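Counting from 1, the numbers follow the sequence of the chain as shown. This one's a predicted model, so the numbers in the text were calculated from it and none came from an experiment.
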Amino acid sequence: MGFLDAILGRSKPVRPDLDQLFALPSAAVTLQAAVGFSPTGLGTVCFASVEGGVFSRIQEEARSLLDGSVEFSQDAYGYTWLLVRHDPEDVAGLVNDLHAVNTSLEEAGFGPQLLCSLVGFRDDRQRSLALVYLYKRGTFYPFAPKHGGGEKRDNPLELQVRAMLGDDLTIEQDLARWFPVWGAPGL
């Protein structure tokens, strides 16, 4: 950042600290022990859409990197979701794959298009929970849609999870940045 940028109040965007994803396995253990949420084995990477041949190349690289265990989809807002499947017990393997995909996208010059990654969890009452990593903030937050409640959130559960995981993850302090990820694959 230059002198003029500092005077005018402009700042450089935060570079994603992808290594923070490696804290997710310990957070998964905490979630399971404290509130009974088990990993689903599903994780996603969301990024702003890329068109044409570049997108095809990204898809091929991801498939070859992950031995074909990846699915791509687009949501109603035009964002691309990359879904990775693993054995639910292998959170570390899932995180390694998510990290590899993110690193690959970042090295290919698509770091600014990265929006979030999430890892899914479910409890014995079939409630869903995701731990969402925001690239541009370098923080995590819990997202818990209400079971059978349409597009409503389970705010008390989200706050409970925030309190529980403060030692495991860098939690986003600004609740206004806890964006809903309705219809995210793997949730």
Contact summary for [X] and [Y], nearest pair of heavy atoms:
{"X": "Gln32", "Y": "Ser38", "result": "NE2-OG, 3.0 Å"}
{"X": "Leu129", "Y": "Pro142", "result": "CD1-CB, 4.0 Å"}
{"X": "Pro39", "Y": "Val91", "result": "CG-CG2, 3.4 Å"}
{"X": "Leu42", "Y": "Gly186", "result": "CD1-CA, 3.6 Å"}
{"X": "Ser128", "Y": "Pro145", "result": "O-CD, 3.7 Å"}
{"X": "Ala62", "Y": "Leu82", "result": "CB-CD1, 3.9 Å"}

State plainly whether one hydrophobic cluster holds both [X] and [Y], where clusters connect Ile, Leu, Val, Met, Phe, Trp and Tyr through side-chain heavy atoms under 4.5 angstrom apart.
{"X": "Leu157", "Y": "Phe121", "result": "yes"}
{"X": "Val132", "Y": "Phe47", "result": "yes"}
{"X": "Leu21", "Y": "Val29", "result": "no"}
{"X": "Leu105", "Y": "Tyr79", "result": "yes"}
{"X": "Val95", "Y": "Leu131", "result": "yes"}

With rounding to the nearest 0.5 angstrom, report the [atom1] to [atom2] distance, [X] to [Y].
{"X": "Thr44", "Y": "Leu83", "atom1": "OG1", "atom2": "CG", "result": "7.0 Å"}
{"X": "Leu115", "Y": "Cys46", "atom1": "CG", "atom2": "SG", "result": "4.5 Å"}
{"X": "Leu159", "Y": "Leu175", "atom1": "CG", "atom2": "CG", "result": "6.5 Å"}
{"X": "Gln160", "Y": "Asn155", "atom1": "CD", "atom2": "CG", "result": "12.5 Å"}
{"X": "Leu165", "Y": "Ser26", "atom1": "CG", "atom2": "OG", "result": "8.5 Å"}

If you define the side chain from C-beta out and look only at heavy atoms, does anything of [X] sit under 4.5 Å from [Y]?
{"X": "Val35", "Y": "Met164", "result": "yes"}
{"X": "Arg153", "Y": "Phe143", "result": "yes"}
{"X": "Phe140", "Y": "Gln20", "result": "yes"}
{"X": "Arg127", "Y": "Lys146", "result": "no"}
{"X": "Trp81", "Y": "Leu118", "result": "yes"}
{"X": "Leu24", "Y": "Leu169", "result": "yes"}
{"X": "Tyr141", "Y": "Arg177", "result": "no"}
{"X": "Trp182", "Y": "Leu187", "result": "no"}

**Request:** Output, in order, the C-alpha distance, side-chain angles, deciding distance and verdict of side-chain contact (heavy atoms from CB on, under 4.5 Å) for His99 and Phe22.
**Result:** CA-CA 8 Å; His99 186 275; Phe22 292 121; 3.5 Å; yes

Taking [X] for its side chain and [Y] for its backbone only, find out whether a donor-acceptor pair lies under 3.5 Å.
{"X": "Ser64", "Y": "Glu60", "answer": "yes"}
{"X": "Glu158", "Y": "Ala144", "answer": "yes"}
{"X": "Gln173", "Y": "Ile171", "answer": "yes"}
{"X": "Thr40", "Y": "Gly120", "answer": "yes"}
{"X": "Lys136", "Y": "Pro112", "answer": "yes"}

**Asked** Does Glu61 CD have over 12 foreign heavy atoms under 6.0 Å away?
**Response**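 Buried by this count: over 12 neighbours within 6.0 Å.
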
**Asked** More than 12 heavy atoms of other residues, nucleotides or ligands under 6.0 Å from CG of Asp87: is that the case?
**Response**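 Yes.
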
**Request:** Quick one: do Glu172 and Arg162 satisfy salt bridge (charged side-chain N to carboxylate O under 4.0 Å, His left out)? Show the steps, please.
**Result:** CA-CA 9 Å; Glu172 175 59 50; Arg162 173 183 74 171; over 6 Å; no

**Prompt:** Does one side chain, of His147 or Asp154, offer a donor that lies under 3.5 Å from an acceptor on the other?
**Reply:**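 His147 vs Asp154: no donor-acceptor pair found between side chains.
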
**Asked** Without hydrogens or angle criteria, can the side chains of Ser117 and Asn102 be said to hold a donor-acceptor pair below 3.5 Å?
**Response**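 Yes, a side-chain donor-acceptor pair sits under 3.5 Å.
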
**Prompt:** Which of these, Val70, Leu66, Asp90, sits in a side chain to side chain contact (heavy atoms under 4.5 Å, CB included) with Asp97?
**Reply:**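 For Asp97, the side chain to side chain contact (heavy atoms under 4.5 Å, CB included) test succeeds with only one of Val70, Leu66, Asp90, which is Leu66.
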
**Prompt:** For the rings on Tyr133 and Tyr135, is their centre-to-centre separation under 6.0 Å?
**Reply:**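 Aromatic pair counts; centres sit under 6.0 Å.
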
